[in-house]
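Not measured: the values here are computed from a predicted model. Residue indices begin at 1 and follow the sequence shown.
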Amino acid sequence: MFPNHFKEVNICQINNQLFNYHGIHQKKMINVFLMEFDDHEYTRGWVHTNFINVPENIFFKTDILFYENIDFPFNDVQWPLMTKYMIDVLFSITPFKHRLIPVTILDHENKIISENDYYSLQLIEHLDILDMEKSVYIMDDEEPERIIDIFKAVFKETVFKLPPVFRLKVNPLYLFVSYDAKHALERAGVKGLEFRELDGII
């Protein structure tokens, strides 16, 4: 039981919903693959806050009939790829510190098939808001300061409002959204998302 002054703030971890070429839900189906460039390995997942120089034109390629309505496509380098539509929905809630890296999606004949503008979202600030004493989580055995899973997130009392999308310093691999963002994305019909709900407490 938490003290009365704590406030429940449920959050969600967001993941890619995976489709096969018929648009049927199927695990282990990668939608697009990065066409590699020099030092691309440093950008995996875009989990760093520092500026990384990348080519002006970045391309992803697909070997399947690209599912046109995917706003959050699954890819082999775990970039948080989003359509401009999805990003606009997040920004309609409240602005947040970020960098957008534009990308283009090609088919197997190197023809442009993405009708929407796609971007990779880099969050340039990770939040140090988790109360480590009150939260429930599993630590990484190899990296004792890193969390590998969270079951209940208790945030520090200095937290008043969460941004619509964020990463935690203790494990920036995971991308989270607030409940306000979850509902806004669902109302807007954004495609390609799966939500893993977590209990959050302030």
Are V190 and F96 in one and the same hydrophobic cluster, where Ile, Leu, Val, Met, Phe, Trp and Tyr link if side-chain heavy atoms are under 4.5 Å apart? yes

Option from L130, L123, I129 for which side chain to side chain contact (heavy atoms under 4.5 Å, CB included) with L127 holds: I129

Taking atom CD1 of I112 as the centre, report whether more than 12 heavy atoms of other residues, nucleotides or ligands fall under 6.0 Å from it. no

Quick one: list whatever passes ring pair (Phe, Tyr, Trp, His ring centres under 6.0 Å) with H48, sequence neighbours left out. none

I need the minimum non-hydrogen distance between V177 and A181, along with the two atoms involved. CB-CB, 3.9 Å

Establish whether Y85 and L90 are linked, either directly or via other cluster members, by ILVMFWY side-chain heavy-atom contacts under 4.5 Å. yes

Pairwise distance NE2(H183) to CZ(F195) - rounded to 0.5 angstrom: 9.5 Å

Return the CD1 to CG distance between I93 and L185, rounded to the nearest 0.5 Å. 6.5 Å

CG-OG1 distance between L34 and T43, expressed to the nearest 0.5 angstrom: 6.5 Å

Side-chain donor/acceptor of N16 to backbone N/O of G192, under 3.5 Å: no

D38: partners by salt bridge (Lys or Arg N to Asp or Glu O under 4.0 Å), with sequence neighbours left out: none

Got a donor-acceptor contact below 3.5 angstrom from the N31 side chain to the N75 backbone? no

Closest contact, heavy atoms only, M35 versus L106: SD-CD1, 3.8 Å

Any I14 side-chain heavy atom under 4.5 Å of F72 side chain: yes

State, to 0.1 Å, how close R167 and G45 come at their nearest heavy-atom pair, and which atoms those are. NH2-O, 3.3 Å

Note: L121 and P80 closest approach over all heavy atoms is O-CG, 3.0 Å

First locate atom CG of D76, then atom CD of E36, and finally report the distance between them rounded to the nearest 0.5 Å. 8.0 Å

At what distance, to the nearest 0.5 angstrom, does CG of N15 lie from OH of Y174? 9.0 Å

For the student: nearest non-hydrogen atoms of F166 and S178, plus distance: CE2-N, 4.3 Å

Contacts of type ring pair (Phe, Tyr, Trp, His ring centres under 6.0 Å), residue W46, not counting sequence neighbours: W79

Would you say V103 and I124 are hydrophobically clustered, going by side-chain heavy atoms of ILVMFWY under 4.5 Å? no

Starting from L100, can I reach V165 by hopping between I/L/V/M/F/W/Y residues whose side chains sit under 4.5 Å apart? yes

Transitive ILVMFWY side-chain link F60 to I113, under 4.5 Å: yes

To check you understand the geometry: which heavy-atom pair defines the closest contact between C12 and Y179, and what is its length? SG-CE1, 3.6 Å

Under 6.0 Å between the ring centres of H98 and F91? yes

Check whether any side-chain heavy atom of D180 sits under 4.5 Å from a side-chain heavy atom of P164, and report yes or no. no

Judged by atom type as modelled, is there a donor-acceptor pair below 3.5 Å linking the side chain of Q122 to the main-chain atoms of N50? yes

Enter the distance from L81:CG to D71:CG here, rounded to the nearest 0.5 Å. 11.5 Å

